[in-house]
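A, B, ... follow the sequence lines: proteins, then strands. Residue 1 opens every chain. Computed from a predicted structure; not experimentally measured.
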2 protein chains.
Amino acid sequence: MTSAESGLPGLPGSIAAGRSKASGTAGAALGSAARLRVATPSVADRVAAELRLQLAEGLLLPGARLTESTISEELGVSRNTIREAFAELAAERLVVRHPNRGVFVATLGPGEIHDVYTVRRFIEVSAIRGGGSPERVAAVRAAVEEGKAAAAADDEEALGTANQHFHGAIVALAESRRLNTIMAQVLAEMRLFFHKATVDAHFYRSYLDDNEKICKTLEAGQLDRAGDLLLAYLNNSEEKQRAVHGD
Amino acid sequence: MTSAESGLPGLPGSIAAGRSKASGTAGAALGSAARLRVATPSVADRVAAELRLQLAEGLLLPGARLTESTISEELGVSRNTIREAFAELAAERLVVRHPNRGVFVATLGPGEIHDVYTVRRFIEVSAIRGGGSPERVAAVRAAVEEGKAAAAADDEEALGTANQHFHGAIVALAESRRLNTIMAQVLAEMRLFFHKATVDAHFYRSYLDDNEKICKTLEAGQLDRAGDLLLAYLNNSEEKQRAVHGD
DNA sequence: ATTGAAGAATTGTTGAACAATTCTGAGATT
DNA sequence: AATCTCAGAATTGTTCAACAATTCTTCAAT
């Protein structure tokens with residue numbers, strides 16, 4: 001739908017617009033502690049966030065070119081700022097820079113898919129083998145239920161995100177900021193080519209039982225067994241992905 | 001030594017200076033094939049590389065502030081380009097951005113150190129348990145020998161890098177591009193506060209035997225045992241780091 | 001000492017400019 | 001017809017200058 005001239009949410013269409021409310025009122029009303037938390041994200045960050053969103057929603061398909069001037073106009077932001085956002089996204093591998101040629105939505109060839117799954121096997125399996133606090137385990141359970149609800153409602157989209165929540169929750173067992181962001185990035189990369197896979201409406205549905213069993217095993221404290229199940233699951237998933245995409 | 005007005009290697013000190021040599025001569029002298037491979041990194045990338053280097057060498061200590069205008073002048077590069085470089089470094093966590101306040105060399109508190117080691121435990125231990133091709137194992141062995149040589153030569157600096165090569169080689173067993181870059185980033189983060197640890201000249205030396213034993217176990221194909229040894233090593237290392245820094 | 005407020009310095013962002021590079025579309029050549 | 005060449009158009013890479021917003025300093029007044 002070309003997203004048109006929507007502009008960035010929260011940004012005035014043009015530069016000039018009444019301001020100066022935030023620091024004064026918020027600071028006085030909420031106290032200094034709250035004020036520190038509010039640090040508004042920069043425009044570049046918001047641009048990156050917006051693009052990340054469009055990427056996740058499949059509005060920008062792999063291989064698509066992101067022209068600086070176009071995005072600059074669409075979002076009402078200067079080219080320099082766009083470039084800063086591109087630097088962020090490139091660091092996350094969501095986008096690839098071809099010098100002097102432009103930036104393109106990343107494409108994942110067969111080798112890349114295998115690589116992504118390798119990362120997932122390393123991190124997810126280790127995470128589940130390490131177990132986690134009751135709260136974290138409960139979060140895994142919640143993701144499983146979320147998936148069941150989505151399946152009952154026949155909402156494929158929700159099913160997909162529930163599945164990602166499930167795997168995110170598994171990594172979160174480790175309580176590691178870095179591992180969480182690594183996992184988040186890997187999942188974001190996968191979303192890039194999931195759109196193709198989702199053509200089969202039953203793609204995720206087959207995982208529901210696996211998730212349930214893995215979760216139950218985890219809850220029972222059989223960590224090594226849970227790890228084995230998860231490993232099998234990931235191998236199977238990679239296989240299916242490979243089938244959907246060019247061998 | 002403040003690095004002064006050296007400018008960026010390969011960049012003319014100021015903007016105006018004899019030009020047009022690069023593409024012409026290089027292209028003609030090296031032939032077209034070479035030219036294609038060379039895809040010159042952007043100025044922003046070179047700035048990032050230069051800063052990464054200064055960070056690794058301890059010229060920029062944790063907490064230090066990186067002022068845009070200062071770096072801009074020192075390197076003879078525009079502020080906008082500096083900002084792009086900052087975006088890269090921030091994505092690698094080498095640098096932290098405080099909105100409206102500036103970017104600072106990242107500092108690793110106790111919690112962060114634990115986090116870094118968590119990532120290493122996950123990735124390195126999984127990698128060694130998975131084993132690798134004879135060439136990759138040989139690379140691990142090479143890193144061990146590199147360390148011994150450095151110890152013999154009493155070169156603490158070389159000892160440190162050899163140690164990093166050792167751990168990099170272990171992750172490389174997995175043949176995963178993503179895992180390699182993740183590990184490289186984590187090691188870069190650690191270099192940030194290694195400088196403090198290196199005060200003790202015998203800091204790395206104690207690891208030499210561990211590395212040798214781990215490597216030998218790996219070569220013998222006793223992967224699980226090697227993993228256990230590596231895990232113990234990492235726990236021990238974290239402990240020592242914690243001791244050196246304010247616990 | 002604490003507070004407040006002017007002033008200086010710095011970051012965030014823009015817009016315009018220009019060189020270098022890549023892409024495009026004739027037109028010329030075989 | 002197929003392909004080569006080359007001028008012109010489009011795009012990226014980079015710089016510069018400006019200005020609003022924010023943070024840091026300083027210094028006086030209480």
Side-chain angles (χ1 to χ4, degrees), chain A residues 7-8 10-28 32 35-36 38-48 64-73 75-88 90 95-104, chain B residues 7-8 10-27 32 35-36 38-48 64-88 90 95-104:
Chain A
L8 225 43
L11 262 190
S14 187
I15 328 95
R19 252 331 147 61
S20 83
K21 41 86 195 138
S23 59
T25 51
S32 59
R35 213 199 143 290
L36 284 178
V38 182
T40 334
S42 72
V43 174
D45 286 337
R46 275 179 290 175
V47 169
R65 180 177 188 174
L66 301 181
T67 311
E68 295 182 0
S69 51
T70 304
I71 300 185
S72 171
E73 289 170 16
L75 265 46
V77 164
S78 95
R79 256 183 74 214
N80 280 315
T81 303
I82 299 286
R83 293 189 118 250
E84 262 186 70
F86 281 171
E88 276 187 46
V95 124
V96 173
R97 267 189 141 140
H98 289 255
N100 282 315
R101 296 177 35 68
V103 324
F104 301 81
Chain B
L8 224 43
L11 262 190
S14 187
I15 329 97
R19 242 342 146 52
S20 79
K21 40 88 194 135
S23 58
T25 51
S32 62
R35 218 201 141 287
L36 281 179
V38 181
T40 334
S42 73
V43 174
D45 287 337
R46 274 179 291 177
V47 169
R65 180 177 186 173
L66 300 181
T67 311
E68 294 181 1
S69 50
T70 305
I71 299 185
S72 172
E73 289 170 17
E74 280 182 0
L75 267 45
V77 163
S78 94
R79 258 182 73 215
N80 281 313
T81 302
I82 299 286
R83 294 188 119 252
E84 263 186 69
F86 281 171
E88 276 187 45
V95 122
V96 173
R97 266 189 142 139
H98 289 254
N100 282 315
R101 297 175 36 67
V103 325
F104 302 80

Can you check the [X] [atom1] to [N] [atom2] distance for me, whole Å?
X       : N      : atom1 : atom2 : answer
A:Ile71 : C:dT14 : CD1   : P     : 14 Å
B:Arg83 : D:dC16 : CZ    : C1'   : 15 Å
B:Glu73 : C:dT10 : CD    : C1'   : 13 Å
B:Phe86 : C:dG12 : CZ    : P     : 10 Å
A:Asp45 : C:dT11 : CG    : C1'   : 14 Å
A:Ile82 : D:dT12 : CD1   : P     : 11 Å
B:Glu68 : D:dT23 : CD    : P     : 15 Å
A:Asn80 : D:dA18 : CG    : P     : 16 Å

When you compare the side chain of A:Glu88 with that of A:Asp45, does any pair of heavy atoms fall below 4.5 Å? yes

Are side-chain heavy atoms of A:Val43 and A:Val47 found at a separation under 4.5 Å? yes

Which of the following nucleotides, [options], is nearest to the side chain of [X]?
X        : options                : result
B:Asn100 : C:dG15, D:dT12, C:dG12 : C:dG12
A:Val43  : D:dC16, D:dG13, C:dT13 : C:dT13
B:Ser42  : C:dT10, C:dG12, D:dG13 : D:dG13

So, does the side chain of A:Arg97 form a donor-acceptor pair with the base of D:dG13 at under 3.5 Å? no

List in chain and number order the residues that pass side-chain contact (heavy atoms from CB on, under 4.5 Å) with B:Ala44, two or more places apart in sequence or in another chain; answer none if no residue qualifies. B:Ser42, B:Thr81, B:Glu84

Looking at C:dT14, I'd like to know if its phosphate oxygens (OP1 or OP2) sit under 4.0 Å from a side-chain N or O belonging to A:Thr81. yes

B:Leu66 and B:Phe86: side-chain contact (heavy atoms from CB on, under 4.5 Å), yes or no, with the steps? CA-CA 9 Å; B:Leu66 300 181; B:Phe86 281 171; 3.8 Å; yes

Under the rule for salt bridge (charged side-chain N to carboxylate O under 4.0 Å, His left out), what residues qualify as partners of B:Arg65, not counting sequence neighbours? none

5'-most contact on DNA chain C (nearest-nucleotide basis), A:Ala44 vs A:Arg65, goes to A:Ala44

Taking the nucleotide of DNA chain D with the closest heavy atom to each, which residue, A:Thr67 or B:Arg79, is nearer the 5' end? A:Thr67

